[in-house]
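Okay, structure first, notes after.
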Amino acid sequence: MTKQPVALPERPKKPKWLRVKLPVGKKYTELRGLVDKYKLNTICTSGSCPNMGECWGEGTATFMILGNICTRSCGFCGVKTGRPNTVEWDEPEKVARSIKIMNIKHAVITSVDRDDLKDGGSIIWAETVEAIRRANPNTTLETLIPDFQGNEKLIDRIIKVHPEVVSHNMETVKRLTREVRIQAKYDRSLGVLRYLKENGMRTKSGLMLGLGETEKEVIQTMEDLRGVGLDVITLGQYLQPTKKHLPVKQFITPDQFKKYETIGKEMGFMYVESSALVRSSYKAHKHAS
């Protein structure tokens, strides 16, 4: 008797509302030319962000520091995992120069996780903020930081340089954290955000939806974040970077995103960005004011 092949569950087809418009506009064209000419490294271009044209048009861009190899292996993330390269101590000045060349009004700085470093990369983080401030005194800053393994002494380096916004993403609900963010911990991330808020920071976090979470779990996560005083929350659709990454379980409808936005505003968040194409740095300039 021959074995019948097991039917694999069908993956949901990408809906119409996830179609991305090509970036246009004078400001975008100008910045794209500068990025190519000076070989500037922005997450906007390397991550093919769907909002690149809109953000650049508003004078916002995102830069990644501490290399492009991460010590963690999150199931959703397209960044390479492995042994990172040696720290480039002149990187803060390079980033500051890039921001000056691009005439960026609001810069978002993010990084890979550097669990291989004793300081978790926090020294470069602080020096980058300071270098940007020296070269671009009118530029506002958001730092999208890793959890630094919950080490408050390392987080203090971020607090000391006092960026306008400090962001740390929860990414998903508690039940899915071990699968989605393998080396991260839900309660540790909440603790980081609580500590930042207690020390006078404007705080921000983001969730990806469509990984198998329920509406009840999303609302509970939002309540947990508001419970630690979070100011700004972003909710967007998870999209699978490659076939090796976690599959999309569901495409969240525009109506459902609108519902989460309404709930978030009722909870008291200062800003709620909730739609399919929202990413961590979407409308980031607004969150600094």
Side-chain angles (χ1 to χ4, degrees), residues 72 74-77 108 110 142-152 155 158-159 163-239 246 248-284 286-289:
R72 299 191 186 181
C74 297
F76 68 90
C77 185
V108 180
T110 187
E142 174 184 323
T143 53
L144 174 52
I145 64 170
D147 63 20
F148 294 117
Q149 298 190 40
N151 187 323
E152 293 177 357
I155 299 168
I158 306 296
I159 293 167
E164 279 74 14
V165 180
V166 184
S167 182
H168 172 64
N169 286 340
M170 293 296 291
E171 307 293 8
T172 191
V173 300
K174 190 168 189 173
R175 176 176 58 87
L176 297 175
T177 294
R178 183 171 289 184
E179 179 185 4
V180 175
R181 304 169 66 210
I182 298 164
Q183 293 101 323
K185 296 177 182 177
Y186 185 89
D187 290 333
R188 183 166 70 192
S189 286
L190 275 181
V192 168
L193 290 163
R194 178 187 290 110
Y195 185 73
L196 289 165
K197 189 63 188 173
E198 287 173 350
N199 283 275
M201 299 292 101
R202 177 175 292 189
T203 54
K204 177 177 172 181
S205 192
L207 295 175
M208 302 175 298
L209 306 184
L211 285 158
E213 71 288 331
T214 65
E215 178 184 289
K216 186 177 179 181
E217 287 175 320
V218 174
I219 294 170
Q220 180 61 59
T221 304
M222 292 170 73
E223 287 176 348
D224 290 345
L225 288 166
R226 192 70 195 105
V228 296
L230 193 80
D231 298 300
V232 184
I233 187 168
T234 63
L235 301 99
Q237 173 68 51
Y238 166 67
L239 296 174
L246 293 170
V248 176
K249 297 287 182 66
Q250 182 186 9
F251 287 111
I252 311 303
T253 65
D255 285 346
Q256 185 64 43
F257 274 114
K258 193 69 184 174
K259 183 177 181 180
Y260 288 137
E261 181 182 355
T262 301
I263 290 169
K265 287 177 178 177
E266 289 171 351
M267 285 182 184
F269 288 105
M270 186 182 296
Y271 294 106
V272 182
E273 306 294 348
S274 179
S275 69
L277 294 175
V278 161
R279 298 296 178 263
S280 297
S281 55
Y282 184 65
K283 297 288 185 186
K286 185 173 75 175
H287 307 151
S289 59

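Below, all heavy atoms of this structure are taken into account, side chains as well, without hydrogens, waters or symmetry copies.
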Can any side-chain N or O of [X] pair as donor or acceptor with the backbone N or O of [Y] at less than 3.5 Å?
X	Y	result
Thr203	Leu193	no
Tyr260	Met222	no
Glu179	Leu176	no
Gln250	Leu211	no
Thr234	Arg279	no
Arg226	Gly268	yes
Arg181	Tyr186	no
Ser189	Met170	no

Kindly give the heavy-atom pair with the smallest separation between [X] and [Y], and that separation in Å.
X	Y	value
Leu225	Ile233	CD1-CD1, 3.8 Å
Ala284	Val108	CB-CG2, 3.7 Å
Ile252	Phe257	CB-CE1, 3.5 Å
Phe269	Leu230	CD2-O, 3.5 Å
Thr143	Pro163	OG1-CG, 3.4 Å
Val192	Asp147	CG2-O, 3.7 Å

Which distance, rounded to the nearest 0.5 Å, do you find between the [atom1] of [X] and the [atom2] of [Y]?
X	Y	atom1	atom2	value
Glu223	Ile263	CD	CD1	9.0 Å
Met201	Leu196	CE	CG	7.5 Å
Ser167	Asn169	OG	CG	4.5 Å
Glu217	Leu209	CD	CG	11.0 Å
Leu239	Met208	CG	CE	10.0 Å

- Can you list the steps and then say if Val248 with Gln237 is a side-chain contact (heavy atoms from CB on, under 4.5 Å)? CA-CA 9 Å; Val248 176; Gln237 173 68 51; 3.8 Å; yes

- Message: Can you confirm whether Lys197 is buried at NZ, in the sense that more than 12 heavy atoms of other residues, nucleotides or ligands lie under 6.0 Å from that atom?
- Response: yes

- Look at atom CZ of Arg188 and say whether more than 12 heavy atoms of other residues, nucleotides or ligands are closer to it than 6.0 Å. yes

- Query: So among Glu142, Lys204, Glu164, which one has a side-chain hydrogen bond (donor to acceptor under 3.5 Å, both in side chains) with His287?
  - Reply: Lys204

- Task: Run the salt-bridge test on Lys258 and Glu261 with the 4.0 Å N-O cut-off and return the result as yes or no.
- Result: yes

- Task: Please lay out, stage by stage, how Leu207 and Thr221 fare under the test side-chain contact (heavy atoms from CB on, under 4.5 Å).
- Result: CA-CA 9 Å; Leu207 295 175; Thr221 304; 3.8 Å; yes

- Steps toward side-chain contact (heavy atoms from CB on, under 4.5 Å) verdict (Glu198, Ile159): CA-CA 10 Å; Glu198 287 173 350; Ile159 293 167; over 6 Å; no

Within the structure provided, determine whether [X] and [Y] are in side-chain contact (heavy-atom separation under 4.5 Å).
X	Y	result
Val232	Val165	no
Asp187	Lys174	yes
Leu246	Tyr238	yes

- Task: Could you go through the side-chain contact (heavy atoms from CB on, under 4.5 Å) check for Leu235 and Val218 one step at a time?
- Result: CA-CA 10 Å; Leu235 301 99; Val218 174; 4.0 Å; yes

